[in-house]
2 protein chains.
Amino acid sequence: MNKDHIIFLIGRINYKANRFLRDELEKHGIAGLAPSHGEILGVLLMRGEVQMTQLTEYIDKDKSTITALVNKLIWLGYVKKRKDDDDNRISRIALTEKGASLKPGIMDISRKLRKKAYENIRERDKKILYTLLSKINMNF
Amino acid sequence: MNKDHIIFLIGRINYKANRFLRDELEKHGIAGLAPSHGEILGVLLMRGEVQMTQLTEYIDKDKSTITALVNKLIWLGYVKKRKDDDDNRISRIALTEKGASLKPGIMDISRKLRKKAYENIRERDKKILYTLLSKINMNF
DNA sequence: ATACAATAGTTTGATATCAAACAATTACTC
DNA sequence: GAGTAATTGTTTGATATCAAACTATTGTAT
């Protein structure tokens with residue numbers, strides 16, 4: 001497990017990005033949320049109302065994780081849940097007004113993250129990076 | 001937080017690599033260990049006896065995390081701890097014979113990880129990847 | 001219609017991890 | 001030498017996360 005290992009780097013970047021996001025969320029008055037919460041909010045901002053399983057797919061997290069994440073967002077008043085009209089197994093998740101009001105903040109944070117991560121990285125290299133990382137992701 | 005986001009990919013790869021490592025450790029009869037344990041073992045294989053703070057630096061984890069990780073390795077018999085001869089604050093960590101016997105397994109796992117992650121990725125692209133990821137890492 | 005399989009989401013248990021606070025030891029300043 | 005700052009590692013608290021097991025509901029086969 002050599003420190004120069006790409007996988008090691010990926011782990012460190014992951015941690016740092018998450019810490020950055022957590023700090024930024026706090027700066028925007030959205031304290032107590034983790035990056036994953038932010039991801040859910042982002043999905044809801046984009047897609048409106050979704051099922052829990054869809055959240056699982058969109059942010060690629062375990063079902064039970066989604067339950068916990070959503071419950072916290074509900075508790076904080078950002079998200080609401082209702083039963084599907086046709087299938088009683090299905091819960092549908094959507095933003096509350098309070099949640100929707102976070103849009104500017106979420107967008108700002110997203111922009112800052114990109115700015116921070118990609119400083120001094122050319123557009124072309126971003127594309128290369130994305131391509132290579134996608135390959136690695138698919139290798140697992 | 002767009003799913004196409006590089007940072008998102010990094011997070012997923014991190015998780016998958018860790019899961020892969022965990023599974024491989026188990027396959028090699030080294031169950032109950034996490035990738036970070038493996039990293040510590042790797043460091044000790046390479047460097048012999050080190051201080052706790054050195055472990056913190058080598059694998060870039062929080063001091064308290066190192067304490068927990070090392071304690072588990074001690075409990076499992078892979079690692080031993082002794083006080084420094086000159087400074088009573090310092091603990092020195094080294095492999096036990098049992099720990100040292102894991103070397104072939106650790107090496108094998110490391111090789112498998114690389115093989116898995118870098119399948120279909122040229123040597124040149126690995127260098128590019130490392131360079132770009134290092135930049136991103138330094139940006140945070 | 002009944003029985004079983006599949007699905008949706010929850011509950012439960014475990015854990016690596018960070019950060020803050022802390023105690024003991026050593027280093028440094030006067 | 002005394003007092004304070006710095007260092008080392010531990011303790012404590014919190015948490016996102018996964019995975020297994022589970023319950024309720026719906027789908028499918030007979």
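If you're wondering where the values come from, they're calculated on a predicted model, not measured in any experiment. We name chains A, B, ... by the order of the sequence lines, and we start the count at 1 in each one.
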Please give, in whole Å, the distance from [N] [atom2] to [X] [atom1]?
X     : N      : atom1 : atom2 : result
B:I90 : C:dT26 : CD1   : C1'   : 9 Å
A:I74 : C:dG9  : CD1   : P     : 12 Å
A:I66 : D:dA19 : CD1   : P     : 13 Å
B:R22 : D:dC18 : CZ    : P     : 11 Å
B:D23 : D:dA19 : CG    : C1'   : 12 Å
B:L73 : C:dT15 : CG    : C1'   : 14 Å
B:E57 : D:dT8  : CD    : C1'   : 12 Å
B:D60 : C:dT17 : CG    : C1'   : 13 Å

**Item:** Enclosure of B:K103 NZ (heavy-atom neighbours >12, cutoff 6.0 Å)
**Value:**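 Atom NZ in B:K103 is not crowded, with 12 or fewer foreign heavy atoms closer than 6.0 Å.
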**Message:** Is it true that, when you exclude A:K98 itself, more than 12 heavy atoms of the residues, nucleotides or ligands shown sit nearer than 6.0 Å to its NZ?
**Reply:**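 Check passes, neighbour count above 12.
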Quick one: is [N] close enough that its OP1 or OP2 comes under 4.0 Å of any side-chain N or O from [X]?
X     : N      : result
B:S36 : C:dT17 : yes
B:K63 : D:dT12 : no
A:Y15 : C:dA19 : yes
A:T67 : C:dT10 : yes
B:T65 : C:dA16 : no

**Asked** Between A:E119 and B:K135, is there a salt bridge with N-O shorter than 4.0 Å?
**Response**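 The answer is no: the pair does not qualify as a salt bridge.
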**Item:** NZ/NE/NH1/NH2 to OD/OE distance under 4.0 Å, A:K27 and A:D23
**Value:**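 Salt bridge flag = no for A:D23 with A:K27.
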**Request:** Establish whether the base of C:dT25 is bridged to the side chain of B:R89 by a donor-acceptor pair shorter than 3.5 Å.
**Result:**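 In this structure, the two groups form a donor-acceptor pair.
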**Request:** Report yes if a donor N or O on one partner sits less than 3.5 Å from an acceptor N or O on the other, where the partners are the side chain of B:S64 and the base of C:dA19; otherwise report no.
**Result:**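 Such a pair is found, so the answer is yes.
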**Residue mapping more 5' on DNA chain C - nearest nucleotide basis, B:H37 or A:T53** =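 Result: A:T53.
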**Message:** Using a heavy-atom cut-off of 4.0 Å across all strands, would you classify B:K83 as base, sugar-phosphate, or nothing?
**Reply:**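 No contact.
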**Message:** Any base atoms under 4.0 Å from B:D62, or only sugar-phosphate, or nothing? Heavy atoms, all strands.
**Reply:**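 B:D62: base contact, heavy atoms under 4.0 Å.
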Closest listed nucleotide, where the reference is the side chain of [X] and the choices are [options]:
X     : options                : value
A:M52 : C:dT26, C:dG9, D:dG9   : C:dG9
B:Q51 : D:dG9, C:dG9, C:dT17   : D:dG9
A:R19 : C:dA19, C:dT25, C:dC18 : C:dA19

**Message:** For a quick test of reading the model, state the closest non-hydrogen atom pair linking A:I13 to B:L133 and the distance between them.
**Reply:**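 Residues A:I13 and B:L133, closest heavy atoms: CD1-O, 3.3 Å.
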**Request:** Would you kindly check if the NZ (Lys) or CZ (Arg) of A:R47 is within the cone defined by 45 degrees around the ring axis of A:Y58 and under 6.0 Å from the six-membered ring centre?
**Result:**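 Judged by the rule (NZ or CZ under 6.0 Å from the ring centre, within 45° of its axis), A:R47 counts as positioned above A:Y58.
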